[in-house]
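Please read the structure below before turning to the comments.
Worth saying up front: this structure is predicted, and the values here are computed from it rather than measured. Atoms within a ligand are numbered from 1 in the order they appear, just like the ligands themselves.
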Amino acid sequence: MKSPLLTSIAALVLAAPAFAADEKHPIGYQDTPIIPGTKWHVHDGERPQPPVVTPGEPSTIEKAGTAPSDATVLFDGKDLSKWKMEKDGGEAAWKVEDGHMEVVPKSGYLMTKDEFGPDFQLHLEFATPNPPSGDSQGRGNSGCFLFGRYEIQVLDSYNNPTYADGGATAIYGYMPPQVNASRPPGVWQMYDIIVEGPRFTPDGKLAKPLVVTVLHNGVVTQNHTALIGETPHRKVGEYHAHPEKGPLKLQDHGNPMRYRNIWIRDLHMPTPEDIGDGPKIGQ
Ligand code: MG
């Protein structure tokens, strides 16, 4: 004898409307309220779908990963064709071997040939010299300069005390990292840097500061930090108006630092049409 439950399920299955396999079912809704300030209904099936991006292979300590499908690859371990010397625009003189590049001390900073901005996501990996030598700012020092002028500090901060606004992922001379997520010397580490570039008025005044979020080995160390300006040594930084796009630079601070798997993707900042009226503060 069939159980009452099975009988009920069978009745439901039989009662379900039969759809042809190729029939298109509408997605979403057109009879829901409009999201205030936008042209979209809640759950609007006509709202554009996000583009598909194939993520890259994740990095491991032993092996560099790969970039997402919509990124610009700046270094994939093979050559320095996307880079030049900052000082004279000459051929990039850092060493490339075993899938990484290495600072040749005293050769000078590297700079990208292309410019990026205003808003982007940057991924880079580095390893500090092992065994370590020197201390404080003299140990495993490099840096990643956004727009060629704002330094996100790269440093061997593993058991290496230094001034807080000079440690790994510090906004140099301004904002220490929230935590020190450093790995030991010689072990590959990752920075993921989300950049909202500064904007300037036509007469060169600051309209919107540079805002930076940094993940160090997957740990947030800068959370939407607004910079007070550039990142000089022993001075309070100031802004100096510059174009919305700029190069990236990697610092030669005299230490044979290694880099690998560097890529960048443009970021879409939500437009007023996306946001609509936004949240109602204080309601
Ligand atoms: Mg540095």
Side-chain angles (χ1 to χ4, degrees), residues 74-75 80 83-87 92-95 100-112 116 122-130 132-193 195 210 212-217 219 221-222 225 227-238 240 246-262 264:
L74 297 176
F75 179 65
L80 295 175
W83 301 82
K84 59 186 177 182
M85 299 311 293
E86 179 209 26
K87 60 188 175 192
W94 292 9
K95 196 162 66 177
H100 61 255
M101 66 164 96
E102 184 175 303
V103 176
V104 174
K106 310 299 179 197
S107 64
Y109 288 34
L110 283 199
M111 185 164 84
T112 54
F116 304 95
L122 173 66
H123 175 91
L124 65 82
E125 300 177 22
F126 68 95
T128 64
N130 187 29
S133 66
D135 60 11
S136 187
Q137 295 291 300
R139 178 184 298 185
N141 193 335
S142 181
C144 178
F145 285 74
L146 310 173
F147 303 95
R149 55 182 81 211
Y150 309 96
E151 183 181 12
I152 310 297
Q153 175 69 304
V154 176
L155 192 82
D156 178 358
S157 282
Y158 189 82
N159 293 332
N160 179 33
T162 189
Y163 43 83
D165 65 23
T169 73
I171 310 300
Y172 187 73
Y174 174 53
M175 187 65 76
Q178 294 191 358
V179 295
N180 179 353
S182 295
R183 288 174 172 155
V187 177
W188 285 100
Q189 309 194 50
M190 293 184 288
Y191 281 7
D192 289 283
I193 305 173
V195 174
L210 170 60
V212 175
T213 296
V214 182
L215 284 77
H216 184 186
N217 299 323
V219 178
T221 57
Q222 298 286 347
T225 303
L227 275 65
I228 54 168
E230 297 179 8
T231 53
H233 185 50
R234 294 168 53 89
K235 290 186 190 137
V236 174
E238 298 174 348
H240 299 98
L248 297 169
K249 294 195 318 201
L250 295 176
Q251 185 181 43
D252 167 17
H253 201 280
N255 302 132
M257 303 283 283
R258 294 174 175 178
Y259 286 96
R260 71 178 189 185
N261 192 24
I262 307 176
I264 190 168

Partner set under side-chain contact (heavy atoms from CB on, under 4.5 Å) for Glu86, not counting sequence neighbours: Tyr109, Met111, Lys249
Pair Tyr158-Thr128, side-chain donor/acceptor within less than 3.5 Å: no
Sum of protein N, O or S atoms, each under 2.8 Å from the Mg ion (ligand 1): 5
Salt bridge (Lys or Arg N to Asp or Glu O under 4.0 Å) partners of residues 253-262, not counting sequence neighbours, each pair once: Glu102-Arg258, Glu125-Arg260
Sidechain-backbone polar pair: Ser136 side chain, Thr162 backbone, donor-acceptor under 3.5 Å: no
Of Val154, Leu155, Val103, Asp156, the residue whose pairing with Asn141 passes side-chain contact (heavy atoms from CB on, under 4.5 Å): Leu155
Listed partners of Arg149 passing salt bridge (charged side-chain N to carboxylate O under 4.0 Å, His left out), at least two apart: Glu230
